[in-house]
Each structure stands twice: as C-alpha cells, then as structure tokens.
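All values below come from the heavy atoms of this structure, side chains included, with hydrogens, waters and symmetry mates left out. Numbers for residues simply follow the sequence, beginning at 1.
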Amino acid sequence: MLLNAQYLPTSRDWRTAAGRADSPFRVDTFLRAAQQAEAAGVDALFQADFSGVNRAGLRAGPPLTVFEPFQMAALIASATTRIAVMPTVSTMYTHPSAFARSLASLDRISAGRAWVNVVSSFRSGTALGVQRQVPRDRRHVQTEEFIQVARQLWASWPPAANRPDRATDRFVREDLITDVTHHGEFYDQTGPIDMAPYSPAFPFTLEATSSLEGLRLAARTADGVFAGTATLGAAQELRRILRREARAAGRPEDAVALLPGSYVHVVGTEDEAERLLRAQRAHAGAHGGRLALDEVRARYPGLHLDGLGPADRLPAQVLPEDPDEVFATHGSRYLPLWDLARAGGRTVGEFAAEAVGLAEHARFVGTPEQIGDEMRRWYDEGGVDGFQLILGNDFDALCEGVVPRLRGSGTPAPHGAAHRRPATTGSFPRP
C-alpha cells in the first residue's frame with residue numbers, strides 16, 4: 001500500500017499558540033512534518049501547488065502553497081533519509097526542459113528519492129502572465145508531449161556516463177550522452193539534458209484526473225492516479241477501469257496505482273466518533289427534502305430527477321446501470337452517486353441528502369484504529385492501491401496512530417519503500 005501525505009495546515013487552529021508555532025510561513029514546520037511522516041512509514045511527502053491567489057481561501061485559513069515546491073522538496077530531502085519527495089509541476093506554465101533539469105537536480109540531491117505530481121493547472125493564466133493558452137480539448141495531448149520530452153531528456157544522460165574512464169582519461173563519458181531531437185505540436189527540443197540525473201529510471205509520476213481521457217493519459221504515461229472517489233464502490237469501479245486502460249495501453253494492469261485523496265478526521269474514542277457521525281447524519285437529514293434535492297440537481301445536472309419530489313421512490317434510471325457508461329459520460333465525480341443509487345430502497349429525498357453529504361474525496365472518521373482498519377478494508381477489497389493523505393484534522397494522530405495501523409502494527413516498521421522505486425516505474429511501452 002502506497003501512502004503519500006502532505007502537511008495538513010488544518011491540524012492546528014491558527015488562532016491558537018500551537019497553530020502559530022506551526023505556521024505554514026515557516027520552513028521548519030514542513031521539515032518537522034516530513035521527519036514525522038518518515039518515522040511513521042509514509043512513502044512520500046506530497047507538495048501541492050496552485051497557480052493564482054484564492055482570496056476567499058486565504059481569509060478562511062492557512063494556504064497550502066507558500067514555498068516553491070521543488071525548493072521545498074530539496075530542503076526536505078536534505079533533512080530526511082528515506083521518504084520520497086513529490087513536488088508538483090504545471091505542464092501549462094513550465095517547459096519540459098526546465099522541468100527535467102529541476103527534477104534531475106532534485107533526484108541527485110535526494111539520492112534517488114524524487115517523485116513528481118504532474119498537473120495541467122485548473123486556474124488558467126492566473127498570476128503568471130502567460131499569454132498562450134492551450135485549448136481544453138488539447139490539454140491532454142500537450143501534457144503527454146510534455147512528459148514524452150521530459151522522459152527523453154532524462155534518458156539522454158545515463159548514469160553510466162558519470163563513471164570516470166581512466167583508460168581514455170575522461171571524467172565524463174560524453175560519448176554515452178545522446179542528443180534529443182523532438183519537433184512536436186507544442187515543443188521543439190534539441191540536444192541532451194545538461195544536468196545529469198541520479199537515477200536511470202524516470203521518477204514515479206502521479207497524475208490527477210476525473211475523466212476517461214485523463215485516465216487513459218495516465219494509463220499511458222503515469223505510475224499513479226490521484227482521483228476523488230468518495231465511496232468504496234466508486235473506488236472499486238474506477239480501479240477496475242484504470243487496470244483495463246493500462247492493459248489497453250500495452251502495460252501490465254497493475255502498472256498504475258490508484259491513490260484516492262482522503263480526508264482523515266481522528267478522534268480519541270469510539271463514542272466520540274459515533275457522536276460526530278450522528279451529528280453529520282442529523283445535519284444531512286435537516287438539510288434533506290426539497291432543499292437537498294434542489295442542491296443535488298444544481299450540482300449534478302446529469303442525474304435524471306426531472307419531475308420527482310423528495311417523497312418519491314428513487315428510480316432505477318437516475319443514472320445508467322453500467323458504471324463504465326457513467327464514468328465515460330460524467331467522470332469520476334458521478335461514480336459515488338451511482339454507488340448510492342444501486343443500493344436501492346431510498347426515496348429521492350434520502351438519496352439527495354446522502355449525495356449532498358458526499359465530499360470530493362473519501363472521508364474517514366474515527367479513532368486511529370477505526371480509520372486504519374477501514375482504510376485497510378478499502379485496500380483489501382480492491383478499491384485502492386494506497387491513499388493521498390491530503391486533508392485532515394490532526395497530522396500527529398495521522399502519523400502516530402493511523403499510518404502504523406495501516407502498516408500492520410502498533411509501531412512503525414522500517415519499510416524503505418520510498419527509497420526504492422516502485423516496481424511500476426519503467427513499464428512503459430516503446431513508441
């Protein structure tokens with residue numbers, strides 16, 4: 001099971017002394033979190049990145065992005081020994097040559113522990129002064145070319161070239177460095193990379209997606225998929241589709257790991273967990289009926305709810321019966337709705353109240369033992385290959401209780417998985 005975490009700024013109330021001590025504007029906050037995650041057995045520390053300024057978000061609480069991801073990853077690598085470092089790169093606003101150089105440098109600084117999260121960015125053009133925009137229907141094509149060029153550059157300077165050859169009196173075997181000649185729709189690249197990578201294989205690559213085309217792109221070019229799957233049934237279907245697409249791309253079906261985002265809310269006792277869940281159910285019930293139905297119709301226009309009231313029985317045709325059709329037509333955000341609808345026995349109002357209560361990502365609420373056991377069930381029942389631990393209320397409890405439970409014991413066991421490259425890396429079909 002792969003476990004990737006990011007520091008959770010929501011772990012501390014910024015209004016308190018503890019919250020101010022863990023300020024996201026202080027680099028030592030992230031270094032402590034990285035060391036804590038490494039000791040717990042987390043595979044990689046994930047560093048999200050967003051273009052532009054979310055003013056409403058800044059008013060509400062600490063920002064997720066304060067430091068440039070590659071610079072932060074290098075600092076974290078220097079303060080740790082095993083955990084992988086995973087910065088985010090935007091294919092919209094970065095050239096693959098500059099990206100490959102930064103990634104090669106990070107891989108050498110970390111002695112082979114560089115991973116990368118590749119995104120196309122969803123706030124186009126904000127704050128970056130880029131005039132050229134890639135049409136939405138060409139972004140997957142552009143991202144694929146971006147990764148292709150970066151991989152070619154990475155391979156152009158193999159580690160063998162760095163072994164001095166006394167027989168020929170050469171410090172670097174420049175004859176092993178190959179030129180890259182690429183002329184594509186979005187990029188022109190000639191010459192090799194000018195910064196020698198540490199590792200022969202391109203780093204573990206994560207891609208976020210919610211669409212079939214994005215999943216197919218990941219099946220061709222990635223090692224992991226970051227997706228929102230709020231229910232186990234939805235995750236099982238998405239993983240099945242991902243494995244099918246990996247086979248269609250000429251790769252082993254387990255070549256690409258499904259790593260859903262997760263929100264982890266840790267409490268001290270099972271009674272406290274039950275009270276919290278009861279309160280959530282009561283809130284959903286209070287906002288059920290017509291109010292919830294109106295919200296669901298606005299949020300999910302693809303649902304077939306026309307002419308129905310809250311007291312009506314939920315019809316079978318609210319969504320197609322085939323989850324493949326649901327995903328192809330509406331994307332992964334509708335799969336949890338399909339999962340709710342297939343259970344049957346609900347009124348339209350009950351379905352709407354549950355649907356409104358769904359978050360974009362999976363929510364796990366309980367004691368560390370309860371959460372660890374439930375997340376393990378998702379893994380054992382074929383819903384996931386691991387998790388992106390991206391949201392939560394207590395980073396300490398996550399590292400000290402939940403992760404060790406997932407690793408199978410009450411105490412962290414050295415696993416070293418992050419120091420090795422996952423077996424999936426390098427399973428790409430030849431062009």
Original post:
W378 and F364: aromatic ring centres closer than 6.0 Å?
Top reply: yes

Subject >> Where A235 and T229 come nearest, the two heavy atoms and their spacing >> reply: CB-OG1, 3.8 Å

Original post:
Is any side-chain heavy atom of W115 closer than 4.5 Å to a side-chain heavy atom of D223?
Top reply: no

Subject >> Worked check of salt bridge (charged side-chain N to carboxylate O under 4.0 Å, His left out) between D43 and R113 >> reply: CA-CA 10 Å; D43 291 297; R113 291 182 287 136; over 6 Å; no

Original post:
Between S262 (side chain) and Q388 (backbone), is there a donor-acceptor pair under 3.5 Å?
Top reply: yes

Side-chain donor/acceptor pairs under 3.5 Å, residues 97-104, sequence neighbours excluded:
from : atom 1 : to   : atom 2 : distance (Å)
R101 : NE     : D194 : OD1    : 2.6
R101 : NE     : D194 : OD2    : 3.4
S102 : OG     : A98  : O      : 3.2

Subject >> CG on L232 to CE on M375, rounded to 0.5 Å >> reply: 12.0 Å

Original post:
Given side chains that start at C-beta, do those of L319 and H304 come closer than 4.5 Å, heavy atoms only?
Top reply: no

Subject >> W157 and N162: side chain donor to acceptor below 3.5 Å >> reply: yes

Original post:
Could you walk me through whether T205 and T221 pass the side-chain contact (heavy atoms from CB on, under 4.5 Å) check?
Top reply: CA-CA 8 Å; T205 301; T221 62; over 6 Å; no

Original post:
About how many Å separate CZ of R240 and CZ of R243, when rounded to the nearest 0.5 Å?
Top reply: 11.5 Å

**OP:** Please test L206 against L259 for side-chain contact (heavy atoms from CB on, under 4.5 Å), starting from the C-alpha separation and ending with a verdict.
**Re:** CA-CA 9 Å; L206 185 73; L259 306 171; 3.9 Å; yes

Subject >> Sidechain-backbone polar pair: R407 side chain, G41 backbone, donor-acceptor under 3.5 Å >> reply: yes

Subject >> Spacing of CD belonging to E207 relative to NE2 belonging to H140, to within rounding of 0.5 Å >> reply: 8.5 Å

**OP:** Taking all non-hydrogen atoms of both residues into account, name the closest pair between L153 and I193 and its distance.
**Re:** O-CG2, 3.3 Å

**OP:** Would you name the heavy atoms of P200 and P159 that are closest together and state the gap between them?
**Re:** N-CG, 3.7 Å

**OP:** Using atom types as modelled and distance alone, determine if a side-chain donor or acceptor of N393 lies under 3.5 Å from a backbone N or O of V266.
**Re:** yes

Original post:
Can any side-chain N or O of T80 pair as donor or acceptor with the backbone N or O of R82 at less than 3.5 Å?
Top reply: no

Original post:
For the side chain of D394 and the backbone of A397, is there at least one donor-acceptor N/O pair under 3.5 Å apart?
Top reply: yes

Subject >> L212 vs E245, side-chain contact (heavy atoms from CB on, under 4.5 Å): CA-CA, chis, key distance, verdict >> reply: CA-CA 9 Å; L212 178 57; E245 294 301 330; 4.1 Å; yes

**OP:** Find out whether H183 and T190 are in side-chain contact, i.e. whether some heavy atom of one side chain is under 4.5 Å from a heavy atom of the other.
**Re:** yes

**OP:** Determine, step by step, whether H361 and F226 satisfy the ring pair (Phe, Tyr, Trp, His ring centres under 6.0 Å) criterion, reporting the C-alpha distance in whole Å, the side-chain angles of both residues, the deciding distance to 0.1 Å, and the verdict.
**Re:** CA-CA 10 Å; H361 299 291; F226 174 24; 5.7 Å; yes

Subject >> salt_bridge(R342, E321) N-O dist < 4.0 Å >> reply: no

Original post:
Hey, does the side chain of R108 reach the backbone of A196 with a donor-acceptor pair shorter than 3.5 angstrom?
Top reply: yes

**OP:** Looking only at non-hydrogen atoms, find the nearest pair between P323 and E237 and report the distance.
**Re:** CG-OE1, 3.3 Å

**OP:** Using distance alone, with no hydrogens and no angle criterion, decide if T88 and D49 have a side-chain donor and acceptor under 3.5 Å apart.
**Re:** no

Subject >> Derivation and outcome, salt bridge (charged side-chain N to carboxylate O under 4.0 Å, His left out), residues D373 and R377 >> reply: CA-CA 6 Å; D373 291 347; R377 184 172 77 89; over 6 Å; no

**OP:** Please step through salt bridge (charged side-chain N to carboxylate O under 4.0 Å, His left out) for the pair D175 and R170, ending with a clear verdict.
**Re:** CA-CA 10 Å; D175 57 311; R170 288 188 292 188; 3.4 Å; yes

Original post:
Using the benzene-type ring in the case of Trp, are the ring centres of H182 and Y187 under 6.0 Å apart?
Top reply: no

Original post:
Taking it one step at a time, do R247 and E253 satisfy salt bridge (charged side-chain N to carboxylate O under 4.0 Å, His left out)?
Top reply: CA-CA 5 Å; R247 291 194 302 270; E253 67 172 17; 2.6 Å; yes

Original post:
Would you say the side-chain atoms of Q47 pair up with the backbone N or O of Q6, donor to acceptor, closer than 3.5 Å?
Top reply: no

Subject >> Atom pair CG/CG of L45 and N4 - distance to nearest 0.5 Å >> reply: 9.0 Å

Subject >> Closest heavy-atom pair and its distance - M86, A44 >> reply: CE-CB, 4.4 Å

Original post:
Should E360 and R333 count as an ion pair when the cut-off is N to O under 4.0 Å?
Top reply: no

Original post:
Given side chains that start at C-beta, do those of F186 and F146 come closer than 4.5 Å, heavy atoms only?
Top reply: no

Original post:
Hey, does the side chain of N117 reach the backbone of P87 with a donor-acceptor pair shorter than 3.5 angstrom?
Top reply: no

Original post:
Going through the distances and angles, do Y263 and I390 end up as a side-chain contact (heavy atoms from CB on, under 4.5 Å)?
Top reply: CA-CA 6 Å; Y263 173 90; I390 57 169; over 6 Å; no

Subject >> Minimum side-chain heavy-atom gap I109-Y198 below 4.5 Å >> reply: no

**OP:** Please work out whether the ring planes of Y334 and Y300 are parallel, tilted or perpendicular, with thresholds of 30° and 60°.
**Re:** perpendicular

Subject >> Nearest-0.5 Å distance that lies between atom CZ in R138 and atom CD in E144 >> reply: 10.5 Å

Original post:
Which distance, rounded to the nearest 0.5 Å, do you find between the CZ of F46 and the CG of L3?
Top reply: 14.5 Å

Original post:
For D188, does the CG atom have more than 12 heavy-atom neighbours from other residues, nucleotides or ligands under 6.0 Å away?
Top reply: yes

Original post:
So do the side chains of Q148 and Q189 get within less than 4.5 Å of each other, counting heavy atoms only?
Top reply: no

**OP:** Would you mind reporting whether R173 and R163 have side-chain heavy atoms less than 4.5 Å apart?
**Re:** no

Original post:
Side chains of V225 and R239: does their closest heavy-atom pair fall under 4.5 Å?
Top reply: no

**OP:** Look at the side chain of Q142 and the backbone N and O of T91, then say whether any donor-acceptor pair between them is shorter than 3.5 Å.
**Re:** yes

Original post:
Got a donor-acceptor contact below 3.5 angstrom from the Q370 side chain to the T367 backbone?
Top reply: yes

Original post:
So, for A352 and V296, which heavy atoms are closest and what is the spacing to 0.1 Å?
Top reply: O-CG2, 3.5 Å

